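Have a look at the structure below before the remarks.
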Number of protein chains: 2
Amino acid sequence: MPRPRSLTPDRIASAALAVIDRDGLAGFTMRAVAAELSMSAMALYRYVDDREELERLIVERVLGGIDVTPPDPRLPWVERITILVQRMRTVVAAHPAVASLVPVHRHRSHAVLRWSEAVLGLLTEGGLAGERRVVALRGLLSYLLGAIQLEHLGPLTGPGTAALAELPSDRFPYLAETARSARQVGPDAEFDGGLALLLRGLTAP
Amino acid sequence: MPRPRSLTPDRIASAALAVIDRDGLAGFTMRAVAAELSMSAMALYRYVDDREELERLIVERVLGGIDVTPPDPRLPWVERITILVQRMRTVVAAHPAVASLVPVHRHRSHAVLRWSEAVLGLLTEGGLAGERRVVALRGLLSYLLGAIQLEHLGPLTGPGTAALAELPSDRFPYLAETARSARQVGPDAEFDGGLALLLRGLTAP
DNA sequence: GGCTGTAAGCGTACGTTGTAAACCTACGTG
DNA sequence: CACGTAGGTTTACAACGTACGCTTACAGCC
């Protein structure tokens with residue numbers, strides 16, 4: 001019988017995401033999100049316990065965009081896993097500033113569960129089970145989240161590389177040389193290359 | 001001719017680390033660190049531009065503890081890399097709460113440079129060069145930082161696993177089963193297992 | 001259609017944070 | 001001993017998350 005709710009969790013998450021995309025993580029403030037919704041700051045608290053829950057909503061909204069429909073089953077299972085991993089990277093890349101929120105809230109995310117379930121299915125199809133399968137899933141997730149983080153927090157490829165290339169080459173000969181090679185490797189190639197290493201380790205005899 | 005400085009960057013970082021170890025990241029406050037040094041909050045700013053620089057000092061102090069002396073050269077190069085990676089994990093594990101600061105400040109850390117140089121040397125010894133070597137270094141760092149993060153932010157192994165095991169097994173059959181296997185895998189085995197995958201990918205034909 | 005109870009939404013306020021500015025003060029050098 | 005520099009303190013402010021209490025709009029009943 002009371003007044004009906006005017007917001008959905010999804011609408012709130014969208015508003016918060018709009019703020020973050022526009023003003024970065026530093027601009028993400030309860031007041032700013034409320035303003036984006038044309039509300040007072042305190043009205044937000046009718047929908048959310050605290051800032052942390054709002055962050056969870058955001059992460060869930062971003063990761064919820066992952067397409068977990070199984071890739072073409074005619075592809076080798078390793079390639080299908082590659083696709084699933086790339087899909088997760090893609091949705092986060094659409095909102096780079098949330099990259100650092102993901103690891104914090106991942107373990108409460110339903111989207112991550114669905115994604116993990118899909119990956120586990122493919123790992124199983126690849127003949128993995130038991131503890132080896134646990135290690136594989138966890139390894140993929142670690143690499144994925146680590147790579148996303150590094151990518152959006154001061155990339156090796158990119159402007160940082162320039163500084164690296166000017167390192168005193170007597171004390172850091174390898175780094176100086178590597179920085180030169182790094183210029184040839186774009187972010188996608190870098191990510192896919194690392195992922196391929198992991199997956200090759202999975203299938204090697 | 002003026003009054004001498006009474007603090008070293010290292011002493012400041014130690015105080016901050018003491019605060020973090022005692023009260024967690026949330027307790028890490030300019031005022032708290034200053035109090036730890038028996039100073040007023042503003043006195044800190046004679047030594048540090050802002051909070052961010054203090055965070056950098058902390059990360060540098062933690063990562064500075066890495067032992068980068070080359071492991072026994074009689075070991076295969078893959079094992080020597082394993083040792084270097086584990087050493088990085090070890091120093092962060094000693095101060096779990098700083099885990100989330102590391103990725104943010106890594107690219108300005110001299111300690112990371114030294115570590116990277118050592119790893120690159122071993123990769124080179126393993127016959128890697130050019131873009132393959134770039135991808136390898138970056139892959140190792142991504143996995144390492146991702147794994148550290150996951151480990152200290154809601155582990156798969158650990159209490160989280162219990163919740164996972166009780167998932168509706170009709171919708172998450174693999175996850176439910178995997179959660180049971182996960183109980184057998186300790187954090188060290190999990191980390192080392194994932195790392196081994198990556199390195200095997202590096203040496204596979 | 002008016003009345004009413006519930007929950008939506010708002011205004012105000014408090015404690016805490018990072019840090020700017022102005023001030024006082026201890027010390028090495030002349 | 002005086003002086004100037006830089007160390008340290010005090011005070012202050014804007015912005016943050018959020019507790020509390022009030023007002024107000026609506027769905028269901030008479």
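Source: prediction; values computed, not measured.
- In this entry the distance linking CZ of A:Phe28 with P of D:dC16 reads 12 Å, nearest Å.
- Of the two residues contacting DNA chain D, namely A:Tyr45 and B:Ser6, the nearest-nucleotide position lying further toward the 5' end is that of B:Ser6.
- At whole-Å resolution of the value, OH in A:Tyr47 and C1' in C:dC10 are 13 Å apart.
- As rounded to whole Å, 19 Å separates atom P of D:dC20 from atom CG of A:Leu44.
- Nucleotide C:dT17 holds its C1' atom 14 Å from the CG atom of B:Asp50, rounded to whole Å.
- Using a 4.0 Å heavy-atom cutoff across all strands shown, A:Met42 reaches at least one base atom of the nucleic acid.
- Here A:Gln184 contributes atom CD and A:Glu190 contributes atom CD; the two are 13.0 Å apart, rounded to the nearest 0.5 Å.
- Comparing D:dG7, C:dG9, C:dT17 by their nearest atom to the side chain of B:Arg5 picks out D:dG7.
- Side-chain atoms of B:Ser109 come within 3.5 Å of backbone atoms of B:Ala111 as a donor-acceptor pair (strictly under, hydrogens ignored).
- A salt bridge does not link B:Arg56 to B:Asp49: none of the charged nitrogens lies less than 4.0 Å from a carboxylate oxygen.
- Distance, A:Arg51 CZ to C:dT16 C1': 15 Å, rounded to whole Å.
- Under 3.5 Å, the side chain of B:Arg46 and the base of D:dG8 form at least one donor-acceptor pair of N or O atoms.
- Counting only N and O atoms by type, the side chains of A:Ser181 and B:Glu131 include no donor and acceptor under 3.5 Å apart.
- The nearest heavy atom of DNA chain C to A:Arg31 and to B:Ala26 marks one nucleotide each, and the one closer to the 5' end goes with A:Arg31.
- Summarising the geometry, the separation between CG on A:Leu25 and P on D:dA15 is reported as 19 Å, rounded to the nearest angstrom.
- Looking at A:Thr69 and A:Asp67, their side chains do bring a donor and an acceptor atom within 3.5 Å of each other.
- Between A:Leu37 atom CG and C:dC10 atom P the separation is 11 Å, expressed in whole Å.
- With hydrogens and angles ignored, no donor-acceptor pair closer than 3.5 Å exists between the side chain of B:Arg3 and the base of D:dA6.
- When heavy atoms are screened at a 4.0 angstrom cut-off, B:Thr29 is found touching the sugar-phosphate backbone but no base atom.
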